[in-house]
Amino acid sequence: MNRIYLDNAATTPMDRAVIDAMLPMMESSFGNPSSIHTHGREVRNTIERARKSIAGLLNTSPAEIFFTSGGTEADNTAIVRSIEDFGITHAITSRLEHHAVLHTLEYMAKKGKIKLSYVELDDKGHIDLTHLEVLLRDNPKTLVSLMHGNNEIGNLLDLNVVGQLCEDYVAIFHSDTVQTMAHYRHDLQQLKIDFLVGAAHKFHGPKGIGFLYINAKNKITPFIHGGSQERNMRGGTENVYGIVGLAKALEIAYSGMDEHRKHVEALKARMIHRLSTELDGIEFNGDSANLERSLYTVLNVSFPPSEEADMFLFNLDINKISASGGSACTSGSDIGSHVLTALNVSPERPSVRFSFSKYNTVEEIDYVVDKLVSILKVTA
Ligand SMILES: Cc1ncc(COP(=O)(O)O)c(C=O)c1O
């Protein structure tokens, strides 16, 4: 058995067709897209074709798509620019957000720009919508930043419901959609959302490229000062190869989405079933075992405490399995998962996030479960 990669929420292998789309840009289309001669104009057209394709898939206008270096930059931009440009004085988020969101909001709160509220969670880690409404009612000029799919436990948020609440209370709504982009369809004519983000490396595209959707009703000031690229909003020569790869990866994802989803969902269901029936003391963190309310790409498993708990991931690694995880932070320490800590998972229990892609197979899942069973039988 070759090495098995079950860490697709961290990053995904590139699709060969994406590499093939990028290569000619590296080999021959090297012009600077800002140059007015033919070399430049050709590349400019390629960038605009990519933007149009992405906008088309998301059912929106190309003018609302801004290329960034990835999810972190897109999240930072949405948060900082809406606070600075729209007179936002209060933000609502949850303790389960990615650090690209949490650290940015905490920084803005520390600087005295906003008051920050954390919405309460239920025991599975879902947002308490009643509490969200109370926070919205009590605070005008609010930014709501809540992720669509959690990168550690997979919990899904209903963007329609939160979008409607934000509209009712005239709040700005940003959602970190890094883990759902290209895995679920986002129809921007239907969604009531101000900012949404994507990162190509989470859907078989290249690293270091992503985008930010900014609803046309929101007029922001530049997020990187410099040249006139990205309609004066983000100076700097464009990552042309990345942009081409991003658009191609999104096109491939959209065209095969239903088929891939069915395949990956079946792998996840098989792993849940086998782990639950073959191992004692297994739990699933958050709502990750609920196929309706969690990402089909993520399963977060909590194993019984054992002396070898710290060595658990290392043990998987020497058995040719790449996955990620850890445990909740122990008291007074920042090392560990802030998500599992917020969910009160015991730090004694090792947790592993298995995350799947279209390239994984049933044989791989069976191999991983067999190995887990033998590792745990040895350590028991
Ligand atoms: C939910 C979420 N948001 C943001 C990011 C950051 O994306 P990038 O690595 O493209 O900056 C990640 C990547 O791990 C993520 O999973």
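The chain is numbered in sequence order, starting from 1. Start at 1 and go down the list; that is how both ligands and their atoms are numbered.
- To the nearest 0.5 Å, atom CG of residue L157 and atom CG of residue L159 are 5.5 Å apart.
- A cation-pi arrangement is present between R95 and Y118 under the rule of less than 6.0 angstrom and at most 45 degrees off the ring axis.
- Between H204 and Y359, the distance from one ring center to the other falls under 6.0 angstrom.
- The protein residues lying under 4.0 angstrom from ligand 1, judged by non-hydrogen atoms, are G70, G71, T72, D75, H98, M147, N151, D176, V178, Q179, A199, H201, K202.
- Between H338 and H99, the ring center distance clears the sub-6.0 Å criterion.
- Aromatic ring centroids of F66 and F195 lie 6.0 Å or more apart.
- Relative orientation of the F30 and H39 rings is tilted, given thresholds of 30° and 60° on the angle between their planes.
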